[in-house]
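In what follows, every chain begins at residue 1, and chains take the letters A, B, ... in the order their sequences are listed. Since the model is a prediction, treat every value here as computed from it, not as a measurement.
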Amino acid sequence: MGNFPTTVKHCLSYEELIQDYPWLARWLQEEKRALTHEYPEYVKIVEVGPRDGLQNEKEMVPTGVKIQLIDMLSETGLPVIEATSFVSSKWVPQMADHTEVLQAIHRSSHVRYPVLTPNMHGFQDAVAAGATEVAVFGSASETFSRKNINCSIDESILRFEEVICTAKQRQIPVRGYVSCALGCPYEGPIESTKVAEVVKRLYELGCYEVSLGDTIGVGTPGSMAKMLHSVKKEVPSSALAVHCHDTYGQALANILTALQMGICTVDSSVAGLGGCPYAQGASGNVSTEDVLYMLHGMGIKTGVDLSKVIEAGDFICKALNRKTNSKVAQARGDYSVHCRMKKINT
Amino acid sequence: SGEVRVNVVEWGSGFLMSVQDGASAGKTLPERVKIVEVGPRDGLQNEKTVVPSEVKIHLIDMLSEAGLSVIEATSFVSPKWVPQMADQVEVMMGIHRRPGVSYPVLTPNLKGFLAAVNAGAAEVAIFGAASELFSKKNINCSVDESLQRFEVVTKAAKEAGVPVRGYVSCVLGCPYEGKVSPDKVAQVAKRLYSMGCYEISLGDTIGVGTPGGMTEMLQAVSREVPVNALAVHCHDTYGQALANILIALQMGISVVDSSVAGLGGCPYAQGASGNVATEDVVYMLHGLGIQTGVDLPKLMDAGAFICRSLNKKTSSKVAQATCKL
């Protein structure tokens with residue numbers, strides 16, 4: 001019975017309560033309505049498979065395959081597809097063909113193709129190759145920042161400031177990422193206020209959206225709620241996204257929590273491409289197929305055709321010679337069951 | 001990254017302690033959740049490899065040591081139909097029964113019930129379905145006929161002072177009928193509850209459910225059966241289990257069925273997963289600050305043991321993440 005004092009609940013029966021407090025019946029009805037959650041009508045999916053996914057796969061994929069994957073994804077209705085990364089190929093050899101990929105993909109008019117740009121050098125290369133949106137990667141953990149990009153959080157933000165300023169001048173939108181939002185492989189738990197601080201800085205510098213990454217997938221609905229609570233105090237929900245890893249199987253529950261808290265942009269990776277580099281053999285990115293299945297089942301629109309995403313996932317898994325990480329794709333593998341299931345949930 | 005892998009489990013538990021938050025997205029959650037471990041029965045029954053009795057017994061004993069308070073031990077169904085559970089009596093008599101732990105067994109009819117009690121069972125379970133076609137295909141009779149059969153069991157159980165748990169399968173979808181009406185689920189749950197089942201476990205048999213369907217179904221059922229007598233039995237075939245469990249918790253459910261290492265594939269979709277892994281459920285619950293009484297490292301030991309015996313990889317992501325290669 002919601003906020004009604006516990007002592008009163010114990011002492012009185014419902015009938016007695018209604019006699020003494022006639023307004024209670026209406027109030028309880030309202031409480032009941034409040035129990036069912038409000039969810040966004042539409043969720044934007046940011047597909048990170050071709051970049052975050054492939055970057056973290058053991059197998060290197062030929063340029064032609066990357067291009068075909070992105071082209072297939074462009075036909076699914078996905079509104080945003082992270083295409084590649086303009087990081088030095090010395091550090092990320094899997095993305096060495098960034099220019100070729102960006103120039104060869106067929107760019108659908110309904111899709112945006114952001115690329116990663118860690119610094120001015122990368123930004124300039126990206127723009128020269130035709131990029132119309134870029135992304136920068138910060139961290140909520142000092143140790144992770146130092147180990148990952150060899151500088152402190154403050155230094156990295158100074159670097160991004162330059163990129164963001166230049167991008168602004170050229171009217172190129174910039175998306176920000178904050179990694180280790182729910183835990184760091186080196187530092188352990190991360191204070192939600194620290195996450196909020198970094199997010200706020202990226203947002204105020206000019207990032208139109210900041211994606212909060214549970215980099216090692218340790219988060220649960222509890223820590224997700226706590227972190228979002230702090231971050232939402234500094235940045236509007238409409239400018240936030242969640243990037244959940246499924247390393248501990250928590251991704252969908254964490255995404256659900258985020259939706260309940262008003263977040264309506266979710267990052268995911270076709271076929272769950274991209275393992276976790278910090279726990280060998282463990283999974284990483286949440287599968288786009290599984291996210292779509294949940295959203296569609298809840299009546300939330302995404303504009304994405306799930307069966308086409310499954311096809312793209314099949315394609316890249318064959319090319320990588322590996323099994324999909326998507327449970328939906330695995331379940332739909334049995335065609336006869338697939339036909340019956342279509343009746344229940346599309 | 002050696003520093004990372006070394007003690008992830010202890011680190012993980014410590015880490016979880018420091019970020020506990022009892023409320024998820026502002027909704028209150030139960031302080032305590034009872035886990036009903038179905039691995040030794042539902043899990044092993046649906047594994048391709050048949051496991052020797054000693055292995056089953058050792059698994060159950062390890063699970064008893066992991067702090068679980070309910071462990072579904074075996075099934076008194078005819079071995080003609082379920083050969084994996086043919087050693088039902090041996091298992092029942094071979095396990096070490098830890099005080100405070102309940103070891104329910106499946107009893108589809110009076111014959112099974114009597115055999116179970118004879119073998120020392122102190123709690124039994126019966127299985128209804130919310131779908132007519134599923135009932136016919138699975139146990140060769142209509143839902144009504146099955147409920148009549150069960151009434152005989154619940155009567156006998158009441159007389160013998162043996163608690164009965166009821167299961168309803170296909171609560172969020174049926175492999176034959178497709179969509180299942182929440183009202184039908186509520187009806188079947190109500191009948192099982194009225195005939196004396198102390199708890200009704202609502203099973204998403206083919207794992208097709210999503211938080212939307214789960215909410216609707218639970219709303220319908222909780223109008224007929226008090227929420228503290230309800231449990232959810234989610235399958236992870238489409239990866240939706242933890243999200244569905246979270247919704248159930250938010251709606252006041254505080255009993256969750258799960259299977260160590262995610263044992264038990266889905267018999268309706270080849271190669272697809274079935275039961276949700278107990279390790280993954282416990283990880284989520286502890287992360288929410290919800291008590292379960294379960295010792296996660298010991299649970300993972302039990303999971304590792306049974307996977308070695310089955311010569312298969314665990315379906316638990318938590319176990320995969322913390323395993324050193």
Side-chain angles (χ1 to χ4, degrees), chain A residues 35-37 182-183 185-186 188-189 192 216-226 228 246-253 255-258 260-261 276-283 287 289-290 293-300 326-328 330-334 337-338 340-341 343-345, chain B residues 1 3-5 8 11-12 14-16 18-27 173 175-176 178-179 206-213 215 219 236-240 242-243 245-247 250-251 266 268-273 277 280 283-284 287-289 316-318 320-325:
Chain A
L35 273 178
T36 54
H37 302 279
L182 296 178
Y186 310 104
S192 55
I216 42 172
V218 286
T220 62
S223 53
M224 172 64 86
K226 193 166 185 217
L228 285 178
D246 206 35
T247 321
Y248 288 77
Q250 309 295 305
L252 285 192
I255 290 168
L256 182 66
T257 301
Q260 289 175 351
M261 292 185 73
C276 175
Y278 302 95
Q280 258 197 33
S283 65
S287 308
E289 298 92 316
D290 298 0
Y293 186 93
M294 180 174 80
L295 297 175
H296 292 176
M298 291 167 69
I300 295 173
S326 156
K327 291 219 161 164
V328 170
Q330 282 167 33
R332 292 267 177 104
D334 182 351
V337 178
H338 166 80
R340 285 194 289 271
M341 292 309 106
K343 279 191 282 176
I344 298 170
N345 239 322
Chain B
S1 332
E3 34 193 322
V4 174
R5 267 188 278 151
V8 178
W11 172 94
F15 162 76
L16 290 173
S18 64
V19 295
Q20 272 169 24
D21 190 49
S24 170
K27 312 291 173 190
Y176 311 104
K179 254 181 115 73
I206 42 172
V208 287
T210 61
T215 304
Q219 274 173 345
D236 206 36
T237 321
Y238 288 76
Q240 309 295 305
L242 285 192
I245 289 168
L246 180 62
I247 284 285
Q250 290 175 343
M251 292 183 74
C266 176
Y268 303 95
Q270 259 196 30
S273 63
D280 300 359
Y283 185 93
M284 179 173 81
L288 282 165
S316 155
K317 291 219 163 166
V318 169
Q320 284 167 30
T322 47
C323 156
K324 286 186 240 188
L325 284 182

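- Counting only heavy atoms from C-beta outward, the side chains of A:Arg332 and B:Tyr238 approach each other to under 4.5 Å.
- Summarising the geometry, atom CD belonging to A:Gln250 is positioned 8.5 Å from atom CG belonging to B:Leu288; distances are rounded to the nearest 0.5 Å.
- The distance from the CG atom of B:Leu246 to the OG1 atom of A:Thr220 is 9.5 Å, given to the nearest 0.5 Å.
- Contact detail for B:Met284 and A:Ala253: the closest heavy-atom pair is SD-CB, 3.8 Å.
- For A:Leu256, the part lying under 4.5 angstrom from a heavy atom of chain B is the side chain only.
- One N or O on the side chain of A:Tyr293 and one on the backbone of B:Val208 form a donor-acceptor pair closer than 3.5 Å.
- Residues passing the side chain to side chain contact (heavy atoms under 4.5 Å, CB included) test with A:Ala251 are A:Cys244, A:Asp246, A:Val286, sequence neighbours excluded.
- B:Thr210 OG1 to A:Ile300 CD1: the interatomic distance, rounded to the nearest 0.5 Å, is 9.0 Å.
- Between B:Pro211 and A:Met294, the closest heavy-atom pair is CD-CG, 3.8 Å.
- Distance alone, capped at 3.5 Å, places no donor-acceptor pair between the B:Gln320 side chain and the A:Thr247 backbone.
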